[in-house]
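The next block holds one structure in the form of structure tokens; read it before the comments.
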Amino acid sequence: MTNGTGARAGGAHGTRRARDARRWALAPAGGGRVRVCPLDPRGGRAGPVRTEESAAAAVRAGQGVARWVWRATAEVQPGLLAAGVRVERCYDVEAAEALLLGHEGRAGDPHALPAALARLRGLPVPPDRQPVHRETDPQPSLFETGPVPLPDGVDPLDALLEVYAAQVERTERAEHPERMRLLLAGESAGTLVAGEMGHAGVPWSAEIHRELLAELLGERYAGGGLPRRLVELEEEVSRAFGPHERVRPDLAADVLQAFARQGIRLGSTRAWELRKVDHPAVEPLLRYKKLYRLYTAHGWSWLRSWVREGRFHPEYVPGGAASGRWTTNGGGALQIPKVVRRAVVADPGRRLVVADADQMEPRVLAAVSRDPGLMAVANSERDLYTALSKRAFSGDRGQAKLALLGAVYGQTSGDGLRNLAALRRRFPAAVAYVDEAARAGEEGRLVRTHLGRTCPPVGREEGGAPADESSGTGPETGEGFAGTDGEPGQAGARAAGAVRARGRFTRNFVVQGSAADWAVLMLAGLRQRLADLAAELVFFQHDEVIVHCPTEETDLVREAIDAAGRQAARAAFGDTPVRFPFTTAAVRCYADAK
DNA sequence: TGCGCTAGCGCC
DNA sequence: AAAGGGCGCTAGCGCA
């Protein structure tokens, strides 16, 4: 399929008006059919409604359409992918609703078109998800949740147009409308990337995976139960406690009791706590935990559930986390342990181009805070933490990294605090920026990224008194929660703790959320740049992408990634000298990258 | 049997 | 070196 590169029939005009005129709405019409119509710049209907046999047919017929507006990409895209139809751009109304609601300082049911419609019409807002009963299921107790249906008698296309037109208007009322438009476009592109990536899947060698399981865990016994290596380690742990002891390492209570019998008091069986203890059981226990984790989370049953025909197909959820980061459903795609990456192998004649953005957090902080010193450090050499350590930590890279992450995460104790003081002296604007984000959160004010992605407001159960919705939400409001009613007893302490937690959350948000903005724009740009190649995006994890491509395309792919990263930085942070370089490797096997 | 909870740990 | 921010997932347990 040809991808329109520039001028095409009827459209050499590059004005926004002309582009908007080529937006079309698409809504289901029953039986797989869809109804489509052109839109005017304000989001209203600009021409007759047509009915098409399927979304794929509509997209094929609508070659001049610049952007498809629909309820949710996840609803339409499976049909398109099955038919092999690619969409250039879309506008996902439910993804946009989530961002706009957040920007407006409102919470709740962001992902449902019916809820948005109800708000517009002043009707009771339905819940976000609702139980769905499958008729084929004989068990009436088996329910699962699904998207909320529109009320009876409401036409899906009418509902879509009504909500979309209101969104266009709300976008114009955003603090920075042009930035919000960019964010909405980026988030929508993200939904396309997410679906395509899940569809393509990560090339996965079940054979190599099984080999490494056998190598690390030993063989499985015929009667089921734990693999050999785990059984051996369990015996070793027990023996370390005494000749007739039996301690089951995966039962925390068992382990704690065993240590207590030997006079060793532990608050938990966490690995970092165990490491502080001098006892012969510790070493095999730690090895057991490591391997048990592999066995349960990425072992044989994981392989059976998630890998088919040489591909691992995760379901990505763009913006699934409060910070705007993506999450996944099932398969734990964003937590693939390093050892298992040996099983990720390119097809014959292909390579995996693995690109990892270098030291994302400090670069983001430099860009958003515009701290002159930190911006200079961000460009002085490849490894930012080394540069940082030379400026402020007498060459100790580890300390420099810890101090910076401590500032971003809201560290409250330990060496980090002393290091934080050093950081504050050298980079006052950077530290002040995250401090201000924390204070805003504690006072119940809204906290946003440059593009306008906004930290969700305090939840009701989160403790403390949430900011009164009616009291305004601008940065200038907020007497804070300091004077909440109630006696200064335990409840007061709990509320104070919740307020501080909120501060850490918003402190982190300005960095993590801004990184999420950058990442989704980078993905959007990369998707477009790869459109004319045989390369496919197969994996994304916060600040890392994997592109699976013919060996001869690796250089082009590297260039595309770098260009997409540069473009995303300009878009997400405005005019900034801060660069966001990638470490890129073209490898046969994921484990060989970096 | 299913649900909600905690503990623990993988990734960024 | 310390144990903080964001997540998903599994196992085990108590409860209905």
Would you mind telling me which of B:dC9, C:dA3, C:dC7 lies closest to the side-chain atoms of A:Lys289? B:dC9
So if I take every side-chain heavy atom of A:Asp250 and compare against C:dG8, B:dG8, C:dG12, which nucleotide ends up nearest? C:dG12
Rounded to the Å, how far apart are A:Arg502 CZ and C:dG5 P? 13 Å
Within residues 190-203 of chain A, find the residues that approach DNA chain C with a heavy atom at under 4.0 Å, and present them sorted by residue number. none
Return no unless some side-chain N or O of A:Lys338 is found under 4.0 Å from OP1 or OP2 of B:dC9. no
Calculate the interatomic distance between A:Asp356 atom CG and B:dC12 atom P; express it in whole Å. 8 Å
Rounding to a whole Å, what distance do you find between A:His542:NE2 and B:dG10:P? 16 Å
Is a donor from one side chain sitting under 3.5 angstrom from an acceptor on the other, for A:Thr191 and A:Thr73? yes
With side-chain hydrogen bond (donor to acceptor under 3.5 Å, both in side chains) as the rule and sequence neighbours excluded, what pairs involving residues 273-286 of chain A come up? A:Gln262-A:His279, A:Ser268-A:Glu273, A:Glu283-A:Arg287
Do you see a donor-acceptor pair shorter than 3.5 Å between the side chains of A:Thr583 and A:Asp356? no
Under 3.5 Å, is there a donor-acceptor pair between the A:Arg448 and A:Thr454 side chains? yes
Please determine if a side-chain N or O atom of A:Thr327 lies less than 4.0 Å away from the OP1 or OP2 oxygen of C:dG6. no
Residue mapping more 5' on DNA chain C - nearest nucleotide basis, A:Ala322 or A:Arg248: A:Ala322
Is the closest basic N to carboxylate O distance between A:Arg248 and A:Asp254 below 4.0 Å? no
Heavy-atom pair with the smallest gap, counting every atom of A:Glu536 and A:Arg311: OE2-NH2, 3.6 Å
Ignoring the backbone of A:Leu251, work out which of C:dC13, C:dG6, B:dC9 is nearest its side chain. C:dC13
Compute both the distance and the angle, then confirm whether A:Arg220 meets the cation-pi test with A:Trp300: under 6.0 Å from the six-membered ring centre, within 45 degrees of the axis. yes
Closest of C:dG6, B:dC12, B:dA7 to the A:Gln512 side chain is C:dG6
Length of the line joining A:Gln541:CD and C:dG6:P, which is rounded to integer Å: 18 Å
Assert: residue with more 5' nearest nucleotide on DNA chain C, out of A:Lys276 and A:Gly331, is A:Lys276
Less than 3.5 Å apart, any donor N or O on the side chain of A:Trp306 or A:His313 sitting next to an acceptor on the other? no
Measure CD/A:Glu544 against C1'/C:dC7 and give the value in whole Å, please. 16 Å
Rounded to whole angstrom units, what separation is found between the CZ atom of A:Arg397 and the P atom of C:dA1? 15 Å
Describe the nucleic acid contact of A:Ala271 in one word from base, sugar-phosphate, nothing, applying a heavy-atom distance below 4.0 Å. sugar-phosphate
Any N or O donor-acceptor pair linking the side chain of A:Arg325 to the base of B:dC12 at under 3.5 Å? yes
Can you tell me how the ring of A:Tyr292 sits relative to the ring of A:Tyr295, calling it parallel under 30°, perpendicular over 60° and tilted otherwise? tilted
Using a 4.0 Å heavy-atom cut-off across all strands, classify A:Arg275 as base, sugar-phosphate, or nothing. nothing
How long is the line joining CG of A:Leu285 and P of B:dG8, in whole Å? 11 Å
Note: contacts of residues 292-306 of chain A with DNA chain C (heavy atom, under 4.0 Å) are A:Tyr292, A:Arg293, A:Thr296
Within the 4.0 Å heavy-atom criterion, would you say A:Gly406 contacts the bases, only the backbone, or no part of the nucleic acid? base
In plain terms, say whether A:Asp592 and A:Arg341 are close enough for a salt bridge, that is, a side-chain N and a carboxylate O under 4.0 Å apart. no
A:Leu286 CG to B:dG8 P, straight-line distance once rounded to whole Å: 13 Å
